[in-house]
Each structure stands twice: as structure tokens, then as C-alpha cells.
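Comments concern the structure below.
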Amino acid sequence: MACNIQISSFNQTCFFNRQVKDLFPAIKLKTSKRNTRNAHVVCTLLLPKENSLNSRKLGLNIPITGTQQVPIIMPAITPGKFGKFGGKFVPETLIACLKELEAEFNWALQDPEFQDELEIAFGDYVGRETPLCFAERLTNHYKNKDGQGPEIFLKREDLNHCGAHKLNNAIAQTMIAKRMGMKSVVAATGAGQHRVATAAACAKLSLECTVFMGTSDMEKQSSNVLLMKLLGTEVKGVEGNFKDASSQAIREWVGNLQTTYYLTGTIVGPHPCPSMVREFQSVIGKETRRQAMEKWGGKPDVLLACVGSGSNALGIFHEFIGDEDVRLIGVEAAGFGLDSGKHAATLARGEVGVYHGAMSYLLQDEEGQIIGPHSIGVGLEYPGVSPELSFLKDTGRAEFYSATDEEAVEAYKRLSRIEGIIPSLEASHALAFLEKLCPTLPSGTKVIVNCSGRGDKDAATVLNYQQYSM
Amino acid sequence: MWQRPDSYGRFGKFGGKYVPETLMHALSELESTFNSLKDDPDFQNELAGILKDYVGRETPLYFSERLTEHYRHPNGEGPHIYLKREDLNHTGAHKINNAIGQVFLAKHLGKKRIIAETGAGQHGVATATVCARFGLQCLTYMGAQDMERQALNVFRMRLLDAEVRAVHSRTATLKDATSEAIRDWVANVETTHYILGSVAGPYPYPMMVREKEAMEKWGGKPDVLVACVGEGSDAMGLFDDFIKDKDVRLIGVEAAGLGLDSGKHAATLTKGEVGVLHGTMSYLLQDDDGQIIEPHSISAGLDYPGVGPEHSFLKEKGRAEYYSVTDEEALEAFKRLSRLEGIIPALETSHALAYLEKLSPTLANGTKVVVNCSGRGDKDVQTAIKYLKV
């Protein structure tokens, strides 16, 4: 398939995520604003929803003006659907708002000024790019008696400002909120890391910030509450836990649509929220591809990430979805065990339903009521999961397993002891799965674990857990 | 004139090796190994790889837009404030840069046991971290009083498989921990390497710490560099590359605690006198009998009665200027950066940031100021909350 594009010259990479026919006005608008030498047009084409898996970009250097035949290969994301998952199951009042958000998001994606500003924010404020670190002692730990075993690398998202991957998304979305002329931001999530990241981003960009937290979470994460207050955020307690806090945040947003931006940290929710979060987190995977190429001249064989809602997992997976030779493994929270009823293993034990505006797997009982999840990693304690991950599970593109609280705590202590890196309890779930995975892998398999956050925040939890279990 | 240090380990009259006989051989061995390795490309490459992949260097130089705006005069003029983001290092402070280099040295010397002293716990955590990474046994001495103030760091060290030994003698703070660590080293010098966390201490430590932390170039010179000064390692790390550039102003900010006249502070260069402490000649807070005066600062990392000998030298030569800020001013700065930039700085760093209040109005429009954001402040949140009405 090809499209005809009237182009002039401009030297920015522009990412268009629209129907081909919509490209023309966009390009004409661009060319009227720019007058530079080389054109670098990146086009994607929307495919029928059954075929699309991911977006791939085609870059062309076109130094001449005129009409060009531009062959277009693969797909783009369809508007909010991943097979049957995703969508926009929301009240009427929100549809217009979501459409505006989607338009703003698409515009920001192909606006070179926004991209430049974001790159500077990622570089100087967040501290990207994060290193791909060879975990020598962990690799030795998993060697068998013959000295053979996989090679373990860690993608160091723990080194980001605020200590987790969450800021990648928070800073980008806060910049979008500012572009839209919003004055304030509301947010709610489980771990507190998204909230802290949102608080930091709002402080930096001088937006008011209100965060909703379940009262039980406020107790568990009291240090995060203090951090948020220091950063100038108002913290409002909601009876219950994360899902109740989320619902309250959405209510607050709906009541103030003109001035308030709802900053989603999880990769769930109605379109365009999952796509936005995934797009901004996908910087992780893009860096990983480049770093793997630099380090060993190839791709990773296995990518391993913890799965709560799925933002860090999709952040690293997304880039490689089209690479069938890269195994994608997500690890959920099995809490006290999958049969205990106290876990958060949505993809393992959930069923398909609609929650927080999107169709996806979720933990629900026979009456369709949400089952309260449990995990020692608070960020994994969510009864739903990203619609895109649900799709990857159903198509068999990604594999999903789980790790218990106990296994996660062991992994937390293990990485601290043998690599001097204290991982978050969430990331510890991914690390825990190495115990089962490594013996099955041929020698020299390159495994990259997304070390999605640092674990200082979990020190008290681990201490209590140890004392309680003794 | 700026050869630092000279062959006797002195910076002018400061520095030297005021240590028991037993340690002289160890220090010589350290010096010669350091000198041979610093020019060894394999060593340097390995070190650079670890600093990049493990520590997360290089750290960004961040233009602090809202802070710059905050210091703008009504006519729209003011300096440009940049932050050197050492808070983004693995473990959250600049301390790990030094720990990595020294552990490499220790491995080359064939040592299996590492000891360290720590005040805030940052150096202890950094040392424990690196020992875990390289599989070396680690013991950290920490003042019992500091252990209470920094319980999170104590837990982190133990998680990292290090032994944390409480020191109860005297005031049970950093200088007592340092003394204890030196005693241990004297007794176990064959098997043990002592990782000194500060630029204080006998030669060649001051030079080694400083060399690891030379600031990467950023395509232009700053006009002013500002850093907090406890014992002085993070300041030296920032200043080092620019000492020969006379057009770059070097400003160190000490802890004035409850006020310089209160007697409860740690402003060594402002109020101290020359003497010998922990193996080196430098300024220190001492009374008429030459006994060490207990320092005080809200920030454990600045709570030290001595200072690196090179700082004493720079002060005497007039090459660097030293001022001080109180606990209260530091807390205000802690809150200010959190609110304006979403970065929670360490209380130590907050001292440097606090000085901007006095400094900025005096600077010409467009002056480029780089503040060393030497650590993140998560560890200080509990302390700050007690004082601030948040």
C-alpha cells in the first residue's frame, strides 16, 4: 500500500497516527510553519483492528519537494482497541473530553517543539537514559554446576528521579496538561510512586495537584504521603483502597472538566489513557533496543517485567512486540498464593469485563463485583490490567506468570545482597521469577529484567514482614 | 602553585600524614597503587563502565527554571541557576563515586575486608552497596546518635549485607565513628582497606576522593559554583576541575546550626583554628586546650568538626569563599526546592541552596550559577517534617 503525500522540506521527525487521508492537512500545516532543508516523514497507517499489534515507523529522507510515493508498511494502533480489549466505556459527559485529550495527545506526538521539550525533561530532570546494567553476580548466582546459564541485565528504571519509571509518564502528561491550559491535576494510584511522580512534575511545571489515596494505603505508604505534601500536593484520603481512590479522582475530574486534568499513571482506563501512558513509557523499550545493540550487537532474548496494571511492562515490551524472537514475560502478584483468594493475578485468574472505562481482564466474582486484590507490592495491587496486555495474552504473544509475597521478599533481599541494588517490591516480583526461569534457559540467553523502581520505600514493609513471619 | 597536593601530601601547610607508624606503610601502598592505576587505561575503562552502568553517570546539569524565576528581580533580571544532579546517582548521593573507585583499589591490593565510617549513613550505604556488588565483606562504624537519626540508612546497610557497628564513645557521631574506624584499620591493616568517605584524612585520601568526582564538562564554564561543606568531598568534586580558572567563583557553604554565636554549629572554616585531626592538618573546631568542640547541624552529613585540608588551603589562598547558613535557613531551602522544582534535596545540599538567597541579589544578570545538588532528601523527610509545618 502507498499514499501520496505533498511535502515540502522540514527537518523534524513527525509521527502521524492518523488515517492516511488525514495526513495531508497535517503536513501542509507543518510545511507552512517550517522552512528547513531535509524532510523526514514518518507515517503510520491504521489497519483494521484484527490485524494490528503494534505501530512501526517508516522513516524517509526526502530532500526534494513535490509529490512522492511513500510506501507504507505496517500498522498503527487502532483508536483504543486491542482486539476486543480497550475501548471507551464511559458516561456521555466524558466522551467529548476524551476526544479532546486524544487530539491533544496526537498533536503533541507530532509536534517537534513538544518532543524537544520532553527530551530535555527526560534527560535533565528525570535523568534518562537509564543504564542497561550487566548483573554479574546475579548471573553467577544462576549458573549451573557446569558454569552455564543465562546472562542477566537490569534496565535501571530505579535510577530515575523519584525512583521509578512512573515519572516518564507523569512529566509528559503534565506537560500536555499545561499545553491544554489546565490549572490543576488530579491523580490516584496504588503504589504512591505515581502520585509522588505527579506531585514532582506539577511542582516543576507549577500546576496545582490533588491526589486521592485510600486511607489504608495512606497508612502503608505514610512516607510517600509526606513526600507529596512536601512537594506542595494536597493529599485527600478516601475510605477504602486504590480502586475507591481512583473512582473519587474521576468524580473530581468530571466535576471540573474545564480546568482539571486527570493524570492517569496506570495503563488502564478509557482510550486514550492506556495509549498515552504506553507511548510515554515506551522510551524504556526504545533505549533498551539501542543499548542491547551497543552492548552485544543484537536484541534481548527475554524481557521480564512485573505486572500490576502493566505500565512498566508495556514500557519495555512495546518496542519489541513485532520481534517474534524476543520472549515477553510478565509477572503478576500471587500474594498469599493463587488459591488463597488473596492475590492480584488478574491475567492468571481474572475474567473479561469492563472496569474504569476499558474492557480487559479483571478480578471479579460471579456477580461481576470487583474482588479486592492483595499484594505486598502495593503498586501491583490492582484488580484490573492493561487492555493491551490482555490482548497480548490472548494472542499468545506474551506469557504471564506470578510470584508470591514470600518469593518477592526473597528476591528483594537477594538483589540487595548480591548486587547492592535495593529493588522495589513490585520489581522484586519480576526478579523472583528468575528462580524458575533461569534453569530452563540455554547458556548465554540474554535476559533483561526491568528494574522498575528502587526499594527504599519498601524497607519498613520488608522489616515488618520479616518480623511477622518469624 | 596549584599542584595539589605536593609530594608530601600537603596543600600548602595543610594535609600531610599525621598517623601512627603502623599506618604509614599502608598509606604508601595506597598512594603508589592509586598513582599507577589512575593512568592505567584498562582500570580507567572498567571504572568508567561501572560509573555509567551501575552508578548511572553522567548526572545531568539541570536548568532550574522556577528557581531562576524565583530569584529574578522585579525588572526581570537575575542569575541562571543550574543544578548538578548528583541526587540521581545510585544510592542518592555523590558518595558512591568515591566508594566505587576505592573498592576497585582495594581489590587490586588484594583486600577482602572493607571498613568505613559514616555520619548521615550515605557513605555507609554507598560502601555497603559497592561491597555487595563486588562481594567484599563490609563493616561500617556509625555513631549511636546518628544511627537513631538515620534508621532507614542503617536498615539499608544491613539489607546490603554490611555489618553496622554502633560507636558509643564521646558524642557518638561522625568524628567518633572515624576514630573507631582508624583504630580498626591500625589493628587489621594487612587484610583491611579503609574507605574514607571524606576529603579529610591522611594523604593520599584527599586527592583520591577529589579525582573521582571531577565534574564533566558541559560546553561552557560556569561563573559561580556553590556547594555545601561538611568535610568537603562534594564541594571538592565540583570545584576540582575549575580551581585553575580564576574567573570561576568557588563558594562553599557550611552549617551554622543554631547560629555562629550560639556555639552550636559546624562552621569549621569560619570559626575554627588550624590543628591536626584524623591524620591531617586542617582547620578544625577546637577549644583553647586543643580539644575538639562538638559540632551541631540539623544535617548529619555536615555535623563534622574538621574539614578537608584542600579547603583550608583554598580559603587561605583566597581562591574559594566560605559562608554558612543556619538550620532554619537550610530547612526553608529544603522546602523551597521541593515546592518549586519537585526535587527534594538532602538537608546537606539544602545549605548550599539556602545561600542562594543572599547570593543571587548580588549577581549580574545572566550569571551562570551551578549548585551541586549533592544528594536526595528522602532520608531527611522525617527530620524536616518535625520542624516544618507541612
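Note that this is a predicted model, so its numbers are computed, not measured. Every chain is numbered from 1, with letters handed out A, B, ... down the list of sequences.
- Listed options B:L88, B:L67, B:D161 were ranked by heavy-atom pairs under 4.5 angstrom with chain A; first place goes to B:L88.
- With a 4.5 angstrom heavy-atom cutoff, B:V55 touches chain A only via backbone atoms.
- Neither the backbone nor the side chain of A:L415 has a heavy atom closer than 4.5 Å to any heavy atom of chain B.
- A distance-only check finds a donor-acceptor pair linking the side chain of B:T68 to the backbone of B:I81 [under 3.5 Å].
- Counting heavy-atom pairs closer than 4.5 Å to chain B, the top residue among A:C202, A:S206, A:A460 is A:S206.
- Neither the backbone nor the side chain of A:L138 comes within contact range of chain B, judged by heavy atoms closer than 4.5 Å.
- At a 4.5 Å heavy-atom cutoff, the contact between B:D87 and chain A is made by side-chain atoms alone.
- Of the residues considered (B:L83, B:V381, B:L159, B:I50), B:L159 shows the highest number of contacts with chain A, using heavy-atom pairs under 4.5 Å.
- Interface summary for chain B: among A:I418, A:L227, A:T130, A:I421, the most heavy-atom pairs under 4.5 angstrom belong to A:I421.
- With respect to chain A, the highest number of heavy-atom pairs below 4.5 Å among B:G135, B:G49, B:G377, B:A162 belongs to B:G135.
- Both the backbone and the side chain of B:Y54 have a heavy atom closer than 4.5 Å to some heavy atom of chain A.
- Of the residues considered (B:E65, B:K52, B:R376), B:R376 shows the highest number of contacts with chain A, using heavy-atom pairs under 4.5 Å.
- Residue contact with chain A, scored on non-hydrogen atoms closer than 4.5 Å, involves the backbone of B:L340 exclusively.
- No side-chain N or O of A:E426 forms a donor-acceptor pair with one of A:Q193 less than 3.5 Å apart.
- With a 4.5 Å cut-off on non-hydrogen atoms, A:A199 does not touch chain B at all.
- Side chains of B:Y194 and B:E117: a donor-acceptor N/O pair is present below 3.5 angstrom, by distance only.
- Aromatic ring orientation, B:F104 versus B:F134: perpendicular (interplanar angle above 60°, classes split at 30° and 60°).
- Side-chain contact, A:K457 with A:S424: no donor N or O sits under 3.5 Å from an acceptor N or O.
- With respect to the salt-bridge test (charged N to carboxylate O, under 4.0 angstrom), the residues A:E119 and A:R128 do not qualify.
- Judged purely by distance below 3.5 Å, without hydrogens or angles, the side chains of A:S452 and A:E157 never pair a donor atom with an acceptor atom.
- Residues B:V125 and B:K95 have side chains not in contact (no heavy-atom distance under 4.5 Å, counting atoms from C-beta outward).
- Looking at B:I343, the atoms closer than 4.5 Å to chain A (heavy atoms on both sides) sit in the backbone and in the side chain alike.
- Judged purely by distance below 3.5 Å, without hydrogens or angles, the side chains of B:D146 and B:Q150 never pair a donor atom with an acceptor atom.
- Proximity to chain B (any heavy atom under 4.5 Å) is shown, for A:L159, by both the backbone and the side chain.
- Atom NZ of A:K143 has more than 12 heavy atoms from other residues, nucleotides or ligands within 6.0 Å.
- Side-chain atoms of B:N153 and B:R156 include a donor-acceptor pair closer than 3.5 Å.
- Contact of A:L132 with chain B is made through the backbone alone, with heavy-atom distances under 4.5 Å.
- Interface remark: A:F134 contributes backbone atoms only to the contact with chain B (heavy atom separation under 4.5 Å).
- A salt bridge between B:K379 and B:E348 is present, with a side-chain N of the basic residue lying under 4.0 Å from a carboxylate O of the acidic one.
- For a residue to count as touching a neighbouring chain, one of its non-hydrogen atoms must lie under 4.5 Å from one of that chain's; by this rule B:R66 touches chain A with the side chain only.
- Both the backbone and the side chain of A:R417 come within less than 4.5 Å of a heavy atom in chain B.
- Proximity to chain B (any heavy atom under 4.5 Å) is restricted, for A:K295, to the side chain, taken from C-beta onward.
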